[in-house]
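Shown next, in structure tokens, is the structure this report addresses.
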Amino acid sequence: MNKKWGKRKMLGTLAVVITIVFVFIVAGLMRIDNWSRDFTENSAAIDADFPDSVVLLDSRLHRWVAATPRWEVQSKTESDGTIEYKITRTTLLFRFVDDIHVKFVSGIGGQGTRMNASSQSRVGKGDLGQNPRNLAQLLEGLRTPDEAN
């Protein structure tokens, strides 16, 4: 009787482990947005226009990166109304590092700002959509208005 109960307990535990692994695999696969792109590309790029000044976006980006887990500013360069950032983002599970380059260029007459940004995985042939998600997260962070002090 005791051996039978032990086998049942072991099979029950195995079933729970297999179910948990299956759920994680399905959840990971659901994050893939573009199957034809995400297995063959390991970079992404965007351009965006903002009504805000370079100085305001610079401040907003710096605060946002400091407050966002696994994002870190590596360097910042300023020259003639242009600010360039080199940022890294580390994935949670496998600790892969993506390099994000952000460039803010002041608009004509100081009106608005043009942002050029790219995200590149350091390893692998495909990024499973992480680089576009990095840029979407970056855009969302920059478009969030500053809190009143």
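Values below: every heavy atom of this structure, side chains too, minus hydrogens, waters and symmetry copies.
To the nearest 0.5 Å, the span separating CG on Asn134 from OG on Ser43 amounts to 11.5 Å. For the atom pair CG (Leu57) and NE2 (His62), the distance works out to 14.5 Å, reported to the nearest 0.5 Å. If you take OG on Ser106 and CZ on Arg114, they are separated by 13.5 Å, rounding to the nearest 0.5 Å. Distance OG1/Thr144 to CG/Leu139: 10.0 Å, rounded to 0.5 Å. Atom-to-atom distance recorded for Asp58:CG and Asp52:CG is 12.0 Å, nearest 0.5 angstrom. In this structure, CE in Met115 is found 12.5 Å from OH in Tyr85, a value given to the nearest 0.5 Å.
A salt bridge does not link Asp99 to Arg89: none of the charged nitrogens lies less than 4.0 Å from a carboxylate oxygen. Salt bridge status for Glu78 with Lys76: present, with a side-chain N to carboxylate O gap under 4.0 Å.
Looking at Arg95 and Thr91, their side chains never bring a donor and an acceptor atom within 3.5 Å of each other. Side-chain contact check for Asn131 and Ser121: at least one donor-acceptor pair (N or O, by modelled atom type) lies under 3.5 Å. Using modelled atom types, one finds no donor on one side chain facing an acceptor on the other under 3.5 Å when comparing Glu72 with Thr88.
A 4.5 Å side-chain heavy-atom check between Ile100 and Lys86 finds every atom pair outside the cut-off. In this structure the side chain of Asp127 reaches within 4.5 angstrom of the side chain of Pro132, judged on heavy atoms.
Criterion: ILVMFWY side-chain heavy atoms under 4.5 Å apart, direct or through other members. Under it, Val105 and Val102 are not part of a common hydrophobic cluster. When the side chains of ILVMFWY residues are joined at heavy-atom separations under 4.5 Å, either directly or via intervening members, Leu61 and Val55 end up in two distinct hydrophobic clusters. Val123 is connected to Phe94 through a chain of hydrophobic side-chain contacts under 4.5 Å among Ile, Leu, Val, Met, Phe, Trp and Tyr, so both are in one cluster. A single hydrophobic cluster is not seen to contain both Ile18 and Met10; linkage of ILVMFWY side chains at heavy-atom distances under 4.5 Å, directly or through other members, places them apart. Under the 4.5 Å side-chain heavy-atom criterion for grouping Ile, Leu, Val, Met, Phe, Trp and Tyr, Leu56 is not connected to Ile83 through any hydrophobic cluster.
Among all heavy-atom pairs drawn from Ala48 and Arg143, the shortest one is CB-NH2, 3.9 Å. Taking both residues in full, the closest heavy atoms of Phe104 and Val54 are given as CB-CG1, 4.1 Å, listed atom of the first, atom of the second, then distance. Between Ala117 and Leu138, the closest heavy-atom pair is CB-CD2, 4.1 Å.
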Next item on the list: List the steps, then state whether side-chain contact (heavy atoms from CB on, under 4.5 Å) holds for Thr113 with Asp49.
Entry: CA-CA 6 Å; Thr113 301; Asp49 293 314; over 6 Å; no
Note to self: Show, in sequence, the C-alpha distance, side-chain angles and deciding distance for Ser119 and Asp98, and conclude whether the side-chain hydrogen bond (donor to acceptor under 3.5 Å, both in side chains) test is met.
What the structure shows: CA-CA 7 Å; Ser119 180; Asp98 297 331; 4.8 Å; no
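A donor-acceptor contact shorter than 3.5 Å links the side chain of Thr19 to the backbone of Ala15. Side-chain atoms of Thr90 never come within 3.5 Å of backbone atoms of Val97 as a donor-acceptor pair (strictly under, hydrogens ignored). Put simply, the side chain of Thr68 never gets that close to the backbone of Trp71: no donor and acceptor are under 3.5 Å apart.
Under the 6.0 Å distance and 45° angle rule, Arg122 does not count as a cation-pi partner of Phe96.
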